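Remember, predicted model here, so these are calculated numbers, not experimental data. Just so we're on the same page: letters track the sequence lines, and every chain starts at 1.
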Amino acid sequence: MTNDKPRVRFAPSPTGMFHVGGARSALHNWLYARQHGGTLVLRIEDTDASRNRPEWTEGIIRALGWLGIDENQYEGPFFQSANAEEHRKAVERLRVAGRAYFCDCTRDDVIARTGDSYKGYDGHCRDRGLEAAPGRALRFRTPDEGTTVVIDLIRGKPAFENATIEDFVIARGDGSVLFMLANVVDDMTQGITHVIRAEEHLSNTPKQQLLWEALGAQPPIWAHVPVVVNEKRQKLSKRRDKVALEDYQAEGYLAEAMRNYLMLLGWAPSGDREIVPWSVIEEEFRLEEVNPSPAFFDVKKLRAFNGEYIRALPLADFIARCRPWLVAPQAPWTAEQYDEDVFAALAPLAQTRVAVMSEITAIVDFAFLDEPEIDEASWNKAMKEPAAAILAAAIESYTDAPWTAEELKSRTEAIGVAHGLKLGKTQAPIRVAVTGRTVGLPLFESLQVLGRDRTLARLRKAATALA
RNA sequence: GCCCCGUUGGUCGACGCAGGUGAAGACGCCGGACUCUCAAUCCGGAGAUCGCGGGUUCGAUUCCCGCACGGGGUACCA
């Protein structure tokens, strides 16, 4: 177990969607292991049976894989529930050694005595010498004096007075163990040398370190990474914030952009750059340099990053990655309506216009739907005088035009000249008639791929609607 | 209440592990160029007394003390 190669772990509990904060911790652990020639172990902390569900575990594994942490990158997954025997033995050792005692106080009893729900346990049963019995929890006896100093790669050496650490419960009245104990025992049995996790666990750390020591082991090195917060500077929560990695994935954030952005929370690569290949991050990232203050998870900036990543994609990759949003459940058209070649023609125009993959659907929908989906605000804005005349002129002019973007553009310009309008104004009603919206891909290229018949049909329909 | 952590422009942060002529860059914002709309791209701009107050010093964002504010924890949750 003594080895200079670090063993780190990522230990999520499968109680919900995979949280972006968890993703960041996983990334930190992974990088630390790789940079030091160590090992990452994945441990699923499934002891809270009432809240666990197998699909959450699968979700975690899938999400990790999406970020690049696939099955080959870690040992495991191990399940905490499989380690129950070790937990029980550790509890017994502590009890026999006099480091833990039974307690029959309920929470209400404690509050009644201390008069404060935040006072913590008052040590009532410490010396009552209670025997094991159903309903009696086992509490760890914390030292009355002295200081517990934890070594933290990010925060230095936070010190905790032992007197302020209450005797905490390690096993419930039914004999099952709690996180505090199970987590430590698993880390011990799995030979973990560095515990890299979120700051919210910092105050648990002295308790856990005391447990390591009481069990006769050398505590690990800790590293508490600051929490990720929302715009109100509160820890991201499942209830009020969008935190599920899966949701971002489904919306069309690229894994590369996401992991790059996540790493920039609290850290930055050298030089005047933020968007860097993963290899640079692997080379330059230093856990010790992570800024200890909480970082705001700025979706706007993530979006900007994502847009840059999308634009940097080779066209073929861009097209391939659009696919999920171009078929049935995501797209409002059928497989028969969809035309791969048409999309390929539109893709280069669309690539600079999407910041998130899911936006591709609405940008090209006009090409696949039988009728464009007319946006009312756009219609009202564009279909003002002399829209009717422009549409009529366009129908007339387009009927015998060579069907190229260039030609359509110059014909439209001519229509504008006849009405004393610039191209910008002239194209507006045509654009809305054909695509349904006031903004979108370059119009004449769009018309070219749409084809003469469908273009004319839409212009006519709009013209009648206007009349 | 108690314990612990944090505090550089709206945001993420660089330089600073340091006492001494500029406090980077990016996102966002504003303006301009380009332009068939919107983007993209390019150019420019606004925006920080480095949380506050004392002290040490010729001089402090950097050292010392105090305070304020924010956050996390304080469960027979994880």
For the pair made of CD1 in I275(A) and C1' in G13(B), what is the distance, rounded to whole Å? 14 Å
Stepwise, does the ring pair (Phe, Tyr, Trp, His ring centres under 6.0 Å) test hold for Y253(A) with Y309(A)? CA-CA 9 Å; Y253(A) 284 89; Y309(A) 269 92; over 10 Å; no
Taking the P atom in each of A78(B) and A26(B), what is the distance between them to the nearest angstrom? 46 Å
How is F160(A) classified with respect to the nucleic acid when contacts are heavy atoms under 4.0 Å: base, sugar-phosphate, or nothing? sugar-phosphate
Hey, which sits more toward the 5' end of RNA chain B by its nearest nucleotide, T352(A) or L264(A)? L264(A)
Taking CD in E396(A) as the centre, count heavy atoms belonging to other residues, nucleotides or ligands within less than 6.0 Å. Is the count above 12? no
Residue closer to the 5' end of RNA chain B, A304(A) versus A268(A) (nearest nucleotide): A268(A)
With rounding to the closest Å, how many angstrom separate the C1' atoms on G22(B) and G1(B)? 48 Å
In whole Å, measure the gap between the C1' atoms of U7(B) and G20(B) for me. 25 Å
Sugar-phosphate atoms are those with a prime plus P, OP1 and OP2; base atoms are the rest. Using that split, label each nucleotide of nucleotides 66-78 of chain B B, S or - for protein heavy atoms under 4.0 Å, 5' to 3'. ----SSBSBSBBB
Run the salt-bridge test on E92(A) and R88(A) with the 4.0 Å N-O cut-off and return the result as yes or no. no
Could you tell me whether E213(A) atom CD has more than 12 heavy atoms of other residues or ligands within 6.0 Å of it? yes
Got a salt bridge between R197(A) and E45(A), using NZ or NE/NH1/NH2 to carboxylate O under 4.0 Å? no
Report the base-pairing partner of G22(B) (Watson-Crick or G-U wobble, both distances below 3.5 angstrom), or none. none
Nearest-Å distance for atom pair CD/P, residues E407(A) and C36(B): 16 Å
Could you tell me the Watson-Crick or G-U partner of A46(B), where both distances fall under 3.5 Å? Say none if there is no partner. none
For atom CG of D152(A) and atom P of C4(B), their distance in whole Å: 14 Å
Going through the checks in order, is the ring pair (Phe, Tyr, Trp, His ring centres under 6.0 Å) test met by H28(A) and F10(A)? CA-CA 9 Å; H28(A) 284 148; F10(A) 178 58; over 10 Å; no
Figure out the CG/C1' separation between L349(A) and U35(B), and round it to whole Å. 14 Å
According to the Watson-Crick and G-U wobble definitions, with both distances under 3.5 Å, which nucleotide is paired to G59(B)? none
Taking any heavy-atom pair under 4.0 Å as a contact, classify L441(A): base, sugar-phosphate, or nothing. base
P atom, U61(B) versus C52(B): distance in rounded Å? 10 Å
Partner lookup for U74(B), please. Criteria are Watson-Crick or G-U wobble with both distances under 3.5 angstrom; report none if nothing qualifies. G1(B)
Looking only at atom C1', what distance separates C5(B) and G51(B), rounded to whole Å? 16 Å
Do other residues, nucleotides or ligands put more than 12 heavy atoms under 6.0 Å from E145(A) CD? no
Under 6.0 Å from the CD atom of E376(A), do we count more than 12 heavy atoms belonging to anything else shown? no
Testing U7(B), C4(B), C36(B) for proximity to the side chain of F444(A), the answer is C36(B)
The side chain to side chain donor-acceptor pair (under 3.5 Å) partners of H87(A) (sequence neighbours excluded) come to D186(A)
Tell me what E288(A) touches on the nucleic acid: a base, only sugar-phosphate, or nothing, going by heavy atoms under 4.0 Å. nothing
Assign P292(A) to base, sugar-phosphate, or nothing according to its heavy-atom contacts below 4.0 angstrom with the strands shown. sugar-phosphate
Please give, in whole Å, the distance from C17(B) P to E289(A) CD? 13 Å
In whole Å, measure the gap between the C1' atoms of G28(B) and G13(B) for me. 14 Å
So, with a heavy-atom separation below 4.0 Å from RNA chain B, the residues of residues 414-440 of chain A are L423(A), G424(A), Q427(A), R431(A), T438(A), V439(A), G440(A)
Output the rounded distance in Å from CD1 (I165(A)) to P (C3(B)). 12 Å
Output for pair (I363(A) CD1, L346(A) CG), nearest 0.5 Å, gives 9.5 Å
Taking the same atom, P, in G25(B) and in G45(B), what whole-Å distance lies between them? 11 Å
Counting Watson-Crick and G-U wobble pairs only, both distances under 3.5 Å, name the nucleotide matched with G53(B), or none. C65(B)
Pairwise P distance for C2(B) and C67(B), with rounding to whole Å: 12 Å
Under a 3.5 Å cut-off for both distances, is C36(B) Watson-Crick or wobble paired, and to whom? none
Side chain of R99(A), backbone of A214(A): donor and acceptor closer than 3.5 Å? no
From the list C3(B), C5(B), C12(B), which nucleotide is the closest neighbour of the side chain of T164(A)? C3(B)
Spacing between E308(A) atom CD and A39(B) atom P, to the nearest angstrom: 16 Å
How many Å lie between NZ on K301(A) and P on G13(B), as a whole number? 9 Å
Out of A26(B), C36(B), C5(B), minimum distance to the side chain of L443(A) belongs to C36(B)
Main-chain N/O of L441(A) paired with R431(A) side-chain donor or acceptor, under 3.5 Å: yes
